[in-house]
Every structure is written in structure tokens, then in C-alpha cells.
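Below is one structure, written out as C-alpha cells, with a few remarks after it.
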Amino acid sequence: MKRNNNLPRPARWLWAMPNLALICFLAVGVALLWFIRANERDAQRDALIEDVLWQEQALRNEVLGRQRQLEALAHDYVRGDLSEGAFYGRAASLMSASAEVVAMALSNEYGEAVWSYPEQALEPLQRVPAAMEPVQRAGRIGLPASTPPFDYPGVGPVVAIAFPAVQGNQTRGAFVAVISLKSLLQTYVPWWIAKRYQLGFVDIERRTVAARPEQPLPDSPQSYDIAFDPPGYGLRLRAVALQGGWPVWRHALYWLLAALSGLMVWSLWVLKRHMRERLVAERALLRETNMRRAMEDSLVSGILATDREGRILHANRAFCRMVGTEPESLLGSKPPFDFWSPEAAARCEQVFAAILRGESPANGFSLRFRRRNGERFDVRLYSSPLIDGEGRHTGWVSSMTDVTELRREREALKASHERFVAVLNGLDAAVAVTDRKSGELLLSNRTFREAFRLGDDGPLCALPLRQPDAGGEWHDTIGGRWYQHHRRATLWVDQSQVWLDIATDVTERKLAIDRERQQAEKLQQTARLIAMGEIASSLAHELNQPLAAISSYSTACRNLVANGQITAEELDGALEKIAEQSRRAAAIIRGIREFVQKREPKRSPCRIGDLVDTVLSLLAAPLNRYYVRLVELRLADDVELSADRVMLEQVLFNLGKNAIEAMIDSEPGDRELTLETRLREGWLDLVVADRGPGIDPADVDKLFRPFYTTKAEGMGMGLNICRTIVEHHQGRLWVEERAGGGSRFIVSLPLGPREC
């Protein structure tokens with residue numbers, strides 16, 4: 001300090017300037033804290049108004065959506081396409097999809113229900129004259145109307161909207177939808193709005209009609225009202241901001257101001273570095289902009305950007321070449337444009353007006369423009385909203401493609417139609433196109449007419465292949481032939497809905513499949529008999545335990561009876577255990593007998609846990625013989641399937657035996673058999689995994705073929721039979737590589753019934 005006093009006066013001022021700046025910084029920081037709260041209130045108010053405007057628009061769109069659905073019902077009713085049953089079905093579908101709609105009805109001009117869903121849906125309205133009057137007015141004068149809010153039994157406050165069914169100059173009634181205000185708030189108010197505000201509806205007298213959460217809405221400075229009319233005379237949407245406390249971290253700002261002064265120099269250095277980085281980023285942005293401009297100029301499609309009033313903001317080079325005009329003469333101009341063809345000016349004006357209204361169909365518009373030299377050309381125009389970087393809708397972007405040459409090509413396509421018909425008649429498959437509504441046959445090839453005995457004279461309005469499903473095998477009972485039928489919905493040349501049917505004669509293939517199935521059943525019996533040699537050792541192993549137990553219990557009982565040391569209850573318990581062991585031995589013998597018995601597939605409910613237990617008992621002998629460790633991941637033991645239990649046991653036994661045999665040459669400590677049961681989206685997976693040498697990827701595709709085997713003594717039929725059994729149950733069987741070595745065979749079976 002003493003040294004500072006010795007400094008010259010200018011130097012002392014220079015030394016004091018950072019301190020003075022720091023003091024001023026602290027003073028300004030303290031002052032800012034006082035103003036933060038006031039500014040925050042203003043910001044909350046602005047956010048409140050913005051969110052209320054957004055929410056009001058969202059709720060209004062939902063109500064207007066219901067009104068449009070009523071309009072669709074009214075149009076169908078006037079055209080005669082809506083019956084009473086169809087009305088109930090569509091009303092039930094609409095009410096299930098829109099929770100806020102609690103009732104729908106068709107009323108006459110007196111407000112009486114003609115159709116009602118649910119029953120007596122208009123009775124609560126008829127008890128409220130103020131609510132009934134708009135419905136009657138809609139049915140009489142043919143204008144949409146809405147009711148003031150009123151209480152609906154079991155629902156609470158509701159409003160009703162009515163849309164008239166007008167045919168010519170005559171009103172045939174009105175379709176009415178009753179909308180619950182509470183459900184409207186619960187369904188369409190997002191969580192982030194409900195978390196920040198209490199939302200609700202108030203009537204013209206400022207009384208709360210419905211709110212979320214359900215409590216009166218105060219009229220405070222932190223609230224904002226906006227008219228929600230229509231529907232509901234004088235109905236307003238009110239939002240009240242939920243108060244939040246002063247954050248604790250703001251109190252700590254007072255203590256952080258001193259530390260911030262030390263960071264000022266560092267922040268200046270960071271700012272300088274940031275400016276250098278920003279300069280680099282701006283140069284990269286300039287390069288990116290130039291590249292995008294070059295890409296845009298390389299397009300052959302014209303691009304025209306307009307604001308929301310139709311004023312041209314931008315036109316790319318392709319569009320300027322298309323109309324033969326410089327960009328400077330286009331920018332800022334408004335409809336009508338010079339490039340509109342005079343004979344199509346009215347059409348162009350209608351299209352651009354529709355674009356400004358946001359009514360742009362997915363297939364675009366067809367227009368005729370002219371070039372500067374007077375030459376006419378046709379374009380296909382597509383439009384989409386123009387959104388700026390802040391997410392605001394500022395205008396429209398239209399892309400145009402010159403389709404003049406395309407129209408000429410259509411003429412050439414018309415000439416090629418005859419060639420298409422010739423090719424169609426040369427196909428071996430039967431092809432037909434039918435109208436989806438009338439069933440009229442629109443097109444068929446020669447194979448179709450010959451296969452189903454159709455003549456060339458007279459209208460053909462019936463289709464032999466007309467089925468309610470989308471395809472499958474179909475049997476011609478008259479001709480005695482089988483056909484593979486594929487059907488798909490498509491659009492005809494006049495944009496009408498049609499069915500495209502393709503039928504291929506598969507009679508010979510079906511007969512071959514039947515012969516193959518019969519041979520596979522015989523091979524299954526052979527496979528079971530081959531497995532009997534190994535099952536015999538398992539049978540002896542399993543029977544040894546219950547027979548030994550019976551012998552032990554019998555000897556113990558005789559000794560105790562001889563010595564008089566056993567009571568009648570103890571003797572009865574021992575005899576019960578002997579009987580239990582005998583039943584177990586009988587069950588083992590019965591299971592082995594069923595396994596090798598030749599019979600037709602028989603489906604019955606079977607528990608997966610019991611099925612796995614049976615297979616493990618059959619595999620106990622080979623597991624012990626080859627010192628294989630068993631790992632069980634049984635996550636779905638309680639699941640039941642409708643299947644042939646013996647066949648599935650044969651599949652799992654065969655896969656388990658193959659897995660054990662694959663690990664014979666492995667080290668004893670590496671021999672691990674994993675059996676896993678798991679559920680997966682409506683499917684049950686049974687996984688048998690081993691730690692063997694694995695399967696060569698080149699052999700995976702051939703593994704399930706008949707007579708193909710990787711064993712020196714194998715027949716090559718086991719895996720083929722297993723796949724046949726699994727596919728008989730509408731399942732899948734495949735193999736994949738196991739992480740860490742080995743293979744995983746996966747049997748995937750559907751939990752519910754499936755169509756073949």
C-alpha cells in the first residue's frame with residue numbers, strides 16, 4: 001500500500017481502476033438481484049399467455065376435430081351410406097378413441113333422439129332448455145351449433161356440439177356429440193402445462209366449470225383468461241400459474257460476486273479464444289452455405305419460396321431457367337405472376353390460394369405455366385410449410401417439376417398396354433383384378449378364364465377366388481385342383497379400390513408334401529426306436545432308485561413289526577411311501593412307452609416345467625456317463641401350451657442327446673449343457689446350448705436337410721424330424737453360434753393358436 005502511494009498519480013489511478021471496476025460490478029450485481037424477481041414475474045406472465053394461447057388452440061383443434069367427425073357422419077347419412085348399425089359402430093369407435101366424447105346421437109328438428117349411443121343419451125340435454133335450444137336450431141336451420149356448459153349425470157360439466165345433416169335445401173336432423181370438459185382437460189393438457197399451471201374453464205359469470213386439478217380457479221395477477229367460444233356461450237379458458245419459491249442458489253449469488261471479480265480476466269481470455277473459434281465456425285458456415293447453394297442450383301426441379309401472403313422470397317436457378325426470367329424480377333412479386341399461362345390463370349390462382357391456406361395434397365397440383373418467350377409447359381407442384389430457425393411458420397416452399405415430357409411418355413405407355421396384356425396372357429399363374437365393392441371382374445388373363453371356366457361373352461361379375469382373407473391355399477371343389485392364392489389391395493387406373501388376385505396351381509406340390517409328411521411320420525417312429533438303446537440305460541437308472549426305496553421301506557417295516565416297535569400310523573405312512581415309489585416306477589415305464597409308441601399327433605395342454613423334467617430324466621444316464629454339467633435357466637416353467645407333449649419331448653431329447661455327443665471330445669471340465677426356457681412377445685423359446693466345437697457356417701444351411709449328418713454313424717434324419725415336429729406346431733427351429741464356443745439350438749413356439 002505504501003508502495004502504491006509512491007506511484008505517480010496517473011499510475012495510482014490506473015491501479016485503482018480494476019478495484020473500482022470490481023466495486024461497480026458488485027454494486028450492479030446487487031442491484032440486478034433486486035430487479036431479477038420483477039423481470040421474472042414479467043417473463044412468467046409472458047410464458048403464461050403464450051402457453052394459454054397454445055393450449056387453447058390445441059383444445060379448440062380437438063373440439064373442431066370432433067365437429068369434423070360429426071360432419072363426416074352427416075355427409076354419409078345424407079348420401080345414404082350410414083345405417084343405424086354403422087352409426088353405433090362408428091360412435092363406439094370414436095368414443096373409445098376420444099375419451100372426452102361421452103355420448104353421440106342423431107336428433108330430429110325437435111331435439112328428439114333418432115339414434116342414440118349410449119341409450120337415452122339426449123335425456124340430460126332435454127332437461128336443460130338452454131342446452132336443448134342450440135341442438136333444435138341446428139336441426140331446423142342447418143347450421144352447426146354448440147351448447148352452454150351443463151351438468152351431465154355421472155360425467156359432470158359438459159358441452160354439446162351439433163352438426164346438421166343437410167340434403168339440398170332440406171335439413172334431416174343433426175348429429176350431436178357430448179364432450180366432457182373434465183376429460184378434455186385430463187386428456188389433452190400435457191404434463192408440462194399441468195405441472196406449471198392450474199387450467200380450467202370458467203363461465204360468463206367467472207364461476208369455475210371444470211379445472212385440473214379440481215379446485216376453484218382464482219382471478220389473480222398470475223392468471224390469464226382467453227375466450228373458448230364456440231363451444232359454450234361465454235366459456236373461457238383460464239390458467240393460473242403455480243407459485244414457486246425463491247431459489248436457494250439465488251441467495252448464494254451475493255457471496256459469489258467477490259469470486260466473479262477474480263474470474264473476469266480469465267473470462268476475457270476465454271472470450272477472446274471463443275471469438276477465434278466463432279470466426280472459424282462462421283467461415284465453416286459460409287463454406288456450408290456456399291455448398292448448399294451450389295447443390296440447390298444443381299437441381300433440375302424448380303424451388304419457389306413465398307411468405308404467408310404469397311410474396312416471392314426466393315427462387316432457385318432451375319426455376320428461373322424454367323420460366324426464362326431473372327431472379328431479381330421475381331423477388332417481391334405477388335400473385336398473379338407473369339409466368340402463369342393466361343388460359344390457366346384461374347386454375348393457378350385457385351392452387352396458390354389453397355397453398356396459402358395450407359391445403360396441399362400429398363400428390364401435389366398439376367399446373368400450366370409459360371416461359372418468357374410464350375412457350376407453354378406443364379408442371380407438377382408440391383408445397384410444404386417454411387419454418388425458420390426459431391420454429392415459426394413464415395411461409396411456404398413449393399417444388400415444381402416439368403412434366404411436359406412425362407405427358408408425352410404417357411402416350412407411349414398407352415401403346416405398350418397391348419404388350420402388357422400379351423405378356424399377362426402368357427403367364428402360367430391365374431391373374432384377376434376385381435372391384436372391392438361390387439365384386440365385378442375388371443381384368444383377367446387367359447389362364448384365369450380357362451382354370452375357372454369363364455367365358456368371354458357378357459359381363460363377369462363373380463369371382464371364384466373371392467375370399468374374405470388376404471390369401472392362402474384354396475381348393476376348387478368343382479375342378480378338384482389346389483391353388484396358392486395371393487391377394488392384395490391396390491388402386492385401379494381410375495383410383496378405385498380393387499383386389500389383385502394371383503392363383504398358382506399347386507396341386508402336384510401339395511400331393512408331394514402329403515407324401516413327404518407320411519414318410520416323415522414313419523421316420524419319426526424309426527428315430528424313437530433307435531433312441532431306445534440309450535433310453536434303456538436311463539430306464540434302468542431311474543427304476544433303480546424307486547425299487548431300492550421300496551426294498552428299504554419293506555425291510556424296515558418287517559423289522560419294526562417283528563420287534564413290536566411300530567404303531568399303526570407309522571406303518572400306514574411307510575406303506576404310503578412304498579406305494580408312492582411304486583407309482584413313480586410305473587410313471588417312468590409309462591413315459592418311456594409313450595415316447596416310442598407310434599401314434600398320430602395329439603394336442604393337449606401341457607406344462608413346460610413337467611415336459612422339461614421328463615426330458616431331463618431321460619437324459620440323466622448320458623449326462624452321468626459323459627460327466628456333463630447341467631445348467632438350467634428355467635424362467636417360464638408355469639407356462640402351458642396346447643401341443644403334442646410326446647413329440648416335443650422327442651425334439652428336446654434329440655437336441656439334448658446331440659449336444660451331449662458334441663462334447664464327448666471336449667475336456668471334462670468344459671462339458672456344459674445349458675437348458676433355458678424364456679418368454680418373448682407371445683412366443684416361448686426352448687434353448688439347448690452346448691460347449692462343443694460348434695458348427696461350420698458352411699454347414700448351417702444344410703444341417704436340417706434329410707440324410708445330411710456331421711456324425712460318422714448318423715442317419716441325417718434327427719434334426720429334419722425335429723424341424724418337421726416344430727413346424728407342425730407352427731413354430732421355428734434354428735441354430736446359431738454360441739458366445740465362447742459351442743452352438744445354441746432354439747425352438748420357438750407360439751403361446752396362442754395360429755392359423756396355418
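All values below come from the heavy atoms of this structure, side chains included, with hydrogens, waters and symmetry mates left out.
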pair [X]-[Y]: side-chain heavy atoms closer than 4.5 Å:
X: T187; Y: E62; answer: no
X: F175; Y: L82; answer: yes
X: L679; Y: L684; answer: yes
X: Q55; Y: P190; answer: yes
X: P149; Y: L235; answer: yes
X: L53; Y: E50; answer: no
X: V63; Y: L184; answer: yes

Counting only heavy atoms from other residues, nucleotides and ligands, does the tally under 6.0 Å from [atom1] of [X] exceed 12?
X: E84; atom1: CD; result: yes
X: R680; atom1: CZ; result: yes
X: E119; atom1: CD; result: no
X: W192; atom1: CH2; result: yes

Taking atom [atom1] of [X] and atom [atom2] of [Y], what is their separation to the nearest 0.5 Å?
X: T490; Y: Q497; atom1: OG1; atom2: CD; answer: 8.5 Å
X: R357; Y: F352; atom1: CZ; atom2: CZ; answer: 13.5 Å
X: M104; Y: I179; atom1: CE; atom2: CD1; answer: 9.5 Å
X: F163; Y: L143; atom1: CZ; atom2: CG; answer: 9.5 Å
X: W683; Y: L751; atom1: CH2; atom2: CG; answer: 9.0 Å
X: L304; Y: I312; atom1: CG; atom2: CD1; answer: 4.5 Å

*Between the main-chain N or O of G395 and the side-chain N or O of H393, is there a donor-acceptor pair closer than 3.5 Å?*
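Flag set: sc H393 to bb G395 pair under 3.5 Å.
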*Donor-acceptor contact below 3.5 Å, side chain R380 vs main chain N363*: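 Yes, because the side chain of R380 sits within donor-acceptor range (under 3.5 Å) of the backbone of N363.
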*Walk me through it: do W396 and L386 pass the test side chain to side chain contact (heavy atoms under 4.5 Å, CB included)?*
CA-CA 5 Å; W396 307 92; L386 177 61; 5.6 Å; no
If I compare all heavy atoms of [X] with all of [Y], which pair ends up nearest, and what's the gap?
X: F201; Y: L237; answer: CE2-CD1, 3.9 Å
X: Y88; Y: S116; answer: CE2-O, 3.3 Å
X: P153; Y: R127; answer: CG-NH2, 3.7 Å
X: T171; Y: P164; answer: CG2-CB, 4.3 Å
X: L381; Y: L367; answer: CD1-CD1, 4.0 Å
X: A160; Y: V176; answer: CB-CG1, 4.1 Å

_Tell me which one of V189, V240, D51, L59 satisfies side chain to side chain contact (heavy atoms under 4.5 Å, CB included) with L199._
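One option only clears the test, and that one is V189.
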_Those residues that, when tested against D151, pass salt bridge (Lys or Arg N to Asp or Glu O under 4.0 Å) (two or more places apart)_ =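 With sequence neighbours excluded, D151 shows a salt bridge (Lys or Arg N to Asp or Glu O under 4.0 Å) to no residue whatsoever.
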May I have the list of side-chain donor-acceptor pairs in residues 96-103 shorter than 3.5 Å, sequence neighbours left out?
residue : atom : partner : partner atom : Å
S96     : OG   : A92     : O            : 3.2
S96     : OG   : S93     : O            : 2.8
E100    : OE1  : Y188    : OH           : 3.1
E100    : OE2  : R66     : NH1          : 2.6
E100    : OE2  : Y188    : OH           : 3.1

_Distance-only polar pair, side chains of T208 and R238, donor-acceptor under 3.5 Å_ =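 T208 vs R238: no donor-acceptor pair found between side chains.
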*side chain to side chain contact (heavy atoms under 4.5 Å, CB included) evaluation trace for V78 with H75*: CA-CA 5 Å; V78 169; H75 290 169; 5.9 Å; no
*Using 30° and 60° as the class limits, which term best fits the ring planes of F87 and W115: parallel, tilted or perpendicular?*
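Rings of F87 and W115: tilted, as their planes differ by 30° to 60°.
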*What's the verdict on side chain to side chain contact (heavy atoms under 4.5 Å, CB included) for V155 and K182, showing C-alpha distance, side-chain angles and the deciding distance?*
CA-CA 8 Å; V155 177; K182 290 183 180 180; over 6 Å; no
*Mind checking ring-ring contact (aromatic ring centres under 6.0 Å, His included) for Y197 and listing every partner two or more places apart, or none if nothing turns up?*
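Applying ring-ring contact (aromatic ring centres under 6.0 Å, His included) to Y197 gives none.
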